[in-house]
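The structure appears below as structure tokens.
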Protein chains: 2
Amino acid sequence: MSNALLKLREQSRLFSTTEREIAMHILENPQLVVDMSIHELAKHTFSSASSIVRLCNHTGYSGYKEFRKAVTHELAMREQSKRTEQKEITRSDSLQDIIDKISYANIVSLEETRELMDAAVLRTCVDLIKNARMIYLFGLGASLCAARDAYLKFLRLNKLCVINDDWHSQILQARNAGTQDVGIVISYSGATVEMVECMKIMRENNTPIIAITRCENSPVSELADHLLYTTSRESIFRSGATSSRISQLCIIDILYTALANEDYEASLEQLSRTHIRKPGQISGKMYKGSSQF
Amino acid sequence: MSNALLKLREQSRLFSTTEREIAMHILENPQLVVDMSIHELAKHTFSSASSIVRLCNHTGYSGYKEFRKAVTHELAMREQSKRTEQKEITRSDSLQDIIDKISYANIVSLEETRELMDAAVLRTCVDLIKNARMIYLFGLGASLCAARDAYLKFLRLNKLCVINDDWHSQILQARNAGTQDVGIVISYSGATVEMVECMKIMRENNTPIIAITRCENSPVSELADHLLYTTSRESIFRSGATSSRISQLCIIDILYTALANEDYEASLEQLSRTHIRKPGQISGKMYKGSSQF
DNA sequence: GCATTTTATGAAACATTGTTTCATATACCT
DNA sequence: AGGTATATGAAACAATGTTTCATAAAATGC
């Protein structure tokens, strides 16, 4: 609906030379359309008002007025999502600035994660996990937190999972994985030597490997059979792998939800069964609301 | 800048009766301004074009044209953030639908977290943590993952932290906390009995308590001295406390960044010191890029 | 309480801006 | 070369926004 500028770019083959010229000018600075009258714009693009109207018609609008309405709308929307520019934290930032910048950085990271996600790859991953005898989870540091989160989620779906905290146990764990199983490796950098080691072992056993890592060439992405990408941007103060960690969790959410949705009724039933009863609780009725922890 | 409708509401005392009447109509359905010409709108509001122009002038615009531009802009912005409506996952959803819905749910949750965050409360919390002798972290289930994440972050800033996985250890941990320390309790529901128990113990010792919990009346929010709120919306398939968990992590990010920013140089130095050296690594040069895990 | 000033209001004149028409120029085809 | 199709901008036209102004109503002064 509101893709006037996109249409302007895409449908340029329908335009005459003059129209194309006008379109170029507009695409270069769309704000002109909002600020100028049709005659002004005609002058500015060395053409005529009628040519502009014809351009609008070819782009799918009844006239300049309608076109302008669409462009105004579009620019406003674009402005709204202009927070996309990564803003560094500076020394002079107020607490409110920090709140805004960090929140937006995380939001952008989620938007990027969404764009990086390939439904076909997800399909394969969901099937692999669904049919796996056992899910082997791997991660270290902040990525271990994400792996633990995945562990909790898969447990809720009655999937068999293994996770270990330290590297030595993870190596042993990797040795046990077989063809019928699936390994899920979470690594922000894609270079963690411990993870690479575990993956090599699993490859020897022909265990299919899903990696959740950043979208770049790295040992981890080379060793994995299926890749789910996290954002790769991190700012100076967040070298503790911050945005990527939220990105990882979102991917896990998506995997979990997709899995759960594959067998709707069965999941619902299973979910209610795994709702933990608190000590002293009779029948599942808890303090207002039903969630836990 | 773009608050035409707000001004219309606020400055109504400056208006005459006719103008107020027009303003009411516009506020009731602002889209009218975008769709109608000034004469049409005059007819629709049983007034005249000149009255509308006068209204625009009183609202701070040079005329109807400028006013309409502002309203169009404002409505577009408003529409952009309308994705706020929580969309449930349905059985017929494609994988792409799931990707979009989950991502957006998480984004909305971050937006809400930002809105719920009070800079004054954050100020107090940052000061408490900065001056604390020891930080005691508490959480269970998914909230324990968030607590572990906080632990990793605070460690990087050379803050003394304690965290324990099981409830019994957490109780012991709570007993050790004193006036000079700070307790950080993470609980999605705000009702987890184990957390409540820990908080009661800390209250006895007059340990200041920061709680990261959902914005509702709950035992946890009553027992805490300082509250940082997470989103409270969860959908059916996400009873594993999903969005709130991302919300929790964002709050931790903000706390961490704010803390780090308080002493810029010191943090930078500290950060580079805590960059872990990998086995076999000579001087910190790693595979392309500098991050870990 | 009446006269005067101020304020409020809409019709109409006016100015601006968008749309359509049409004559002309150019390219293309036969 | 002649004819047709297409492209283009000037100008007429239509619509839409702005200003003026006469009138009516309210407020103020005496």
Side-chain angles (χ1 to χ4, degrees), chain A residues 2 4-5 7-9 11-27 29-75, chain B residues 2 4-5 7-9 11-27 29-75:
Chain A
S2 187
L5 295 172
K7 279 196 229 156
L8 210 61
R9 193 190 314 272
Q11 305 192 350
S12 62
R13 58 194 171 73
L14 299 174
F15 304 157
S16 70
T17 38
T18 312
E19 284 167 13
R20 222 186 308 259
E21 192 70 25
I22 300 170
M24 294 255 286
H25 271 265
I26 293 177
L27 285 170
N29 185 3
Q31 188 63 32
L32 290 181
V33 177
V34 180
D35 294 333
M36 283 180 166
S37 77
I38 191 169
H39 291 289
E40 283 176 317
L41 187 63
K43 210 170 178 181
H44 187 267
T45 56
F46 310 103
S47 65
S48 64
S50 18
S51 290
I52 294 178
V53 171
R54 276 187 294 264
L55 170 64
C56 295
N57 294 152
H58 288 145
T59 318
Y61 296 89
S62 74
Y64 187 62
K65 220 169 15 156
E66 204 183 295
F67 176 73
R68 167 146 65 181
K69 202 163 134 183
V71 172
T72 309
H73 192 271
E74 199 169 332
L75 287 183
Chain B
S2 187
L5 295 171
K7 280 196 227 156
L8 211 62
R9 194 189 314 270
Q11 305 192 349
S12 63
R13 57 194 171 74
L14 299 174
F15 303 158
S16 71
T17 36
T18 314
E19 284 166 15
R20 223 186 308 260
E21 191 71 26
I22 300 169
M24 294 256 288
H25 271 266
I26 293 176
L27 287 170
N29 186 3
Q31 187 64 32
L32 290 180
V33 177
V34 180
D35 294 334
M36 282 180 166
S37 78
I38 191 169
H39 291 288
E40 282 176 317
L41 187 63
K43 209 169 180 181
H44 187 267
T45 56
F46 310 104
S47 65
S48 64
S50 18
S51 291
I52 293 177
V53 171
R54 275 189 294 265
L55 170 64
C56 295
N57 293 153
H58 288 145
T59 318
Y61 296 89
S62 73
Y64 186 62
K65 222 170 13 157
E66 204 183 295
F67 176 72
R68 174 160 43 192
K69 202 163 135 185
V71 172
T72 309
H73 192 268
E74 198 169 333
L75 288 182

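Here the structure is a predicted model, which means the values were calculated and not measured. Every chain is numbered from 1 and lettered A, B, ... according to where its sequence line falls, protein lines coming before strand lines.
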DNA chain C: 5'-proximal contact among B:T17 and B:K65 (nearest heavy atom):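 The residue whose closest nucleotide sits nearer the 5' end is B:T17.
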Sub-4.5 Å side-chain heavy-atom contact between A:I52 and A:F67: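 A:I52 does not reach A:F67 side chain to side chain.
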Validation row: A:V33, A:L75 side chains within 4.5 angstrom (heavy atoms):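 Not touching, per the 4.5 Å side-chain cut-off.
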Base of C:dG10 paired with side chain of B:S50 (donor-acceptor, under 3.5 Å):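 Answer is yes: a donor-acceptor pair is held.
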Any donor-acceptor N/O pair under 3.5 Å between C:dG10 base and B:R54 side chain: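 Pair found.
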Closest listed nucleotide, where the reference is the side chain of [X] and the choices are [options]:
X     : options               : answer
B:V53 : D:dT18, C:dA8, D:dT16 : D:dT18
A:H39 : D:dG17, C:dT19, D:dT8 : C:dT19
B:T18 : D:dG17, C:dG10, C:dT9 : C:dT9
A:I38 : D:dT18, D:dG9, C:dG18 : C:dG18

Touch class at under 4.0 angstrom, heavy-atom based, for B:A49 against every strand present: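 Base, at least one base atom sits under 4.0 Å.
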Donor-acceptor contact below 3.5 Å, side chain B:R68 vs main chain B:M36: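 Yes; judged by distance alone, with no hydrogens or angles, the pair exists.
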Should [X] be listed as having a side-chain N or O under 4.0 Å from OP1 or OP2 of [N]?
X     : N      : answer
A:S48 : D:dA10 : no
A:S37 : C:dG18 : yes
B:S16 : C:dT9  : yes

Spacing of B:R68 atom CZ relative to D:dG17 atom C1', expressed in whole Å: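 The answer, rounded to whole Å, is 9 Å.
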Rounded distance in Å - CZ (B:F67) to C1' (D:dT16):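 Distance, rounded to whole Å: 17 Å.
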Pair A:S47, A:T45: side-chain N/O donor-acceptor within cut-off below 3.5 Å: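 A donor-acceptor contact under 3.5 Å links the two side chains.
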